[in-house]
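Working notes, structure below.
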Number of protein chains: 2
Amino acid sequence: MAGIDDVARRAGVSTATVSRALSGRGPVSAATRDRVRAAADALGYVVSASASSLATGRTRAVGVVVPFLDRWFFSTVLAGISDGLVRRGYDITLYSVSEDPAERRRVFDDHLRRQRIDAVITIALELDAAESAHLRGLGVPIVAIAGPNPLLTTLTVDDLAVGRLATAHLLDLGHRRIAHIGDDGAGSADTGSSVPALRRHGFVRSLADAGVDDAWVEAADFTIEGGSAAATRALTAAAPPTALFAASDEMAIGAILAARALGLRVPEDVSVIGVDGHELGRWFGLTTVDQFARGQGERAAAEVLDELDGAEPARGRGTLPFELVDRGSTAPPRA
Amino acid sequence: MAGIDDVARRAGVSTATVSRALSGRGPVSAATRDRVRAAADALGYVVSASASSLATGRTRAVGVVVPFLDRWFFSTVLAGISDGLVRRGYDITLYSVSEDPAERRRVFDDHLRRQRIDAVITIALELDAAESAHLRGLGVPIVAIAGPNPLLTTLTVDDLAVGRLATAHLLDLGHRRIAHIGDDGAGSADTGSSVPALRRHGFVRSLADAGVDDAWVEAADFTIEGGSAAATRALTAAAPPTALFAASDEMAIGAILAARALGLRVPEDVSVIGVDGHELGRWFGLTTVDQFARGQGERAAAEVLDELDGAEPARGRGTLPFELVDRGSTAPPRA
DNA sequence: CTGTTAGCGCGTTCAA
DNA sequence: TTGAACGCGCTAACAG
């Protein structure tokens, strides 16, 4: 593989000039710049990432940390991030962290600290204090998507408001017996500020505001299967709810499938609303609160690039849009 | 950030010994190794990736090249790769390439050549000769999943056999008017050996073997929407098929939804079979040829790690398992 | 088993 | 505007 001195020799200049010509930093006459570029092209020369990083301290790579790769929301946000970063010549280094504490520690203590990345984006990651500290300790820009974290610059939708919006939609239709499918607050590490918890809080408060005391919550794990099971439990109860608010579209779809399996029609017999804007929702006529996942990724990429360009980190929390999309899975309760 | 000499000073040894102790290469007494490790832990020292790479030529990172991030098959395979690689301490650098030639060239000519990765895994990528050459030119192990490519070591299911298996299943049930939803061979760059083309060939040949001449193909783009549209076209034709073989589960699900929308029951009025093993298939009772996507990723990771450990590249093509999973969306045609 | 030394390939001073 | 020379942080070869 051709090195910088091959290019220098071929162009009849010094390596310093090659470096300046190709990076654009420092003065180079147009003529020599062209000659250098031609030589580089002819030789197929590409700057070595490690040598360049070692010399400059910059890597032209951004680390993206995700808890899941194979769930719709995460892969969609990731696609948005990728779009935004690739255009600017950045590579993405992917860190998938599970719940396993040992593996998590490996990622936060080792992998992320190898000085391989110029910035970090996390997606819906619930970090403990030590992990947040480790991230900050990296000394690079950090953007946390969908993880309201007092210790980090975050970019997040107002999930409390999302919970309120979905609940208000059902209340406005006249529903009073509503079950929420999602996080039930029983999780051990729940700080109350996780995305699932906030959606639930929005639900509970909206009900309270409307004078409904009974806030029914069925725990589920954000999969179709979990949503289906939770909905089945609710709908087969003695006094079943007239509406279901699922904290994700995947669970909402599970709920619709469960309702169908029980011989119930949606929305005639039971209304269902979700959150996400999952592409599949369209096929189920699912009413949802869209949070524009791909846009979140693009936005995070833009924010990170800004900070790498020297912009000040957005103070506190960037706020992300959301919107009710009514596709027909909700209707007034039956008389 | 602590450097290697900080550790050396604290442990009372030379930097070379620190390097040896932490990397495990070269002889170090147990006692000093422990002292060095303790010092490194105390200082929170982690080897700088760029410095280490520059010195060794190894990066401990694997590049993964994908055409899509937000489609089930790709994110699932990616999850499998990640699992396999993270366990062994490798990072993943993600390269998402679109159809756009300029962007593709940037990825193949620049990004991949920055000497940032020790190996490459591609997922269902159709590469032209120049791109294949560029990959080979990297001089690193390459494993191509699901892209039968004569120029590369590939790991792929026998998609011709997959097409045959699905078609045979329908033929065995007694179907004779079968439409294939997928690639119609009209694509410009189709070499005839792409995954979609092979599945279609399997379909066509199976029919021919059974003495059925009319091989009906409806083009679709591997999305639910595309599958739905193609199925609608087929099922509203003058003499509609009694069975549909979709080249992916997403299209098969679209076909089921389209059939329902037309008031047709599956499988009573029309049988549907897909390919993939998409998790959603279960909820639609979709009969499919499962290809164990996550396992493909794990297998590719293992193969790459083997080659990095010095094993010979698997000659020719590694073969991946597939299996018919009957969930009830196929049945004999109506009398 | 351990220390010394010379690069790995590039970016960036500082002089010219 | 250009070139020479040093150093980024670590590893590998060689001595001891």
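Basis for what follows: all heavy atoms, side chains included, without hydrogens, waters or symmetry-related copies. Quick caveat: nothing in here was measured; it's all calculated off a predicted structure.
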Regarding B:Thr17 and B:Ser14, is there a side-chain donor-to-acceptor distance under 3.5 Å anywhere?
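Distance-only check passes for B:Thr17 and B:Ser14.
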Between B:Asp118 and B:Thr59, do the side chains contain a donor N or O and an acceptor N or O under 3.5 Å apart?
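On atom types as modelled, these side chains qualify, holding a pair under 3.5 Å.
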By the 4.0 Å heavy-atom rule, please label A:Val18 as base, sugar-phosphate, or nothing.
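No contact.
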Using a 4.0 Å heavy-atom cut-off across all strands, classify A:Arg25 as base, sugar-phosphate, or nothing.
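Answer is sugar-phosphate: A:Arg25 comes under 4.0 Å of backbone atoms only.
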Is the phosphate of [N] approached by [X] (side-chain N or O, under 4.0 Å from OP1 or OP2)?
X	N	value
A:Thr17	D:dT2	no
A:Ser52	C:dG11	yes
B:Thr32	C:dC1	no
A:Ser48	C:dG9	no
B:Ser19	D:dA12	no
B:Ser29	C:dT2	yes

Rounded to the nearest Å, what distance is computed from the [atom1] atom of residue [X] to the [atom2] atom of nucleotide [N]?
X	N	atom1	atom2	answer
B:Leu43	D:dC10	CG	P	12 Å
B:Asp5	D:dT11	CG	P	12 Å
A:Leu54	C:dC8	CG	P	13 Å
B:Met1	D:dC8	CE	P	17 Å
B:Ile4	D:dA12	CD1	P	11 Å
A:Arg35	D:dT1	CZ	C1'	12 Å
B:Arg9	D:dC10	CZ	P	12 Å
A:Leu22	C:dG9	CG	P	17 Å

By nearest atom, which of the nucleotides [options] is closest to the [X] side chain?
X	options	value
A:Ala16	D:dG9, C:dT4, D:dA4	D:dA4
A:Ala55	C:dC8, D:dT2, C:dC10	C:dC10
A:Pro27	D:dT1, C:dC1, D:dT11	D:dT1

Which heavy atom of A:Gly84 sits nearest to which heavy atom of A:Ala301, and what is that distance?
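Of all heavy-atom pairs spanning A:Gly84 and A:Ala301, the closest is CA-CB, 3.9 Å.
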Under 3.5 Å: donor-acceptor pair, side chain of B:Arg113, backbone of A:Gly44
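Between the backbone of A:Gly44 and the side chain of B:Arg113 there is a qualifying donor-acceptor contact (under 3.5 Å).
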Backbone N or O of B:Thr156 within a donor-acceptor pair of the B:Thr154 side chain at under 3.5 Å?
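Judged by distance alone, no pair lies under 3.5 Å.
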With nearest nucleotides of DNA chain D determined for B:Thr15 and A:Gly26 from heavy-atom distances, which residue corresponds to the more 5′ nucleotide?
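Looking at DNA chain D, the more 5' nearest nucleotide goes with A:Gly26.
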More 5' along DNA chain C: B:Thr56 or B:Val28, using each one's nearest nucleotide?
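So the residue in question is B:Val28.
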Do B:Arg60 and A:Asp110 sit within salt-bridge range, that is, some charged N less than 4.0 Å from a carboxylate O?
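Salt bridge between B:Arg60 and A:Asp110, a charged N being under 4.0 Å from a carboxylate O: no.
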Go through the N and O atoms of the side chain of A:Arg58 and the base of C:dG11, and report whether any donor-acceptor pair is under 3.5 Å.
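Looking at the base of C:dG11, it does not pair with any donor or acceptor on the side chain of A:Arg58 (distance under 3.5 Å).
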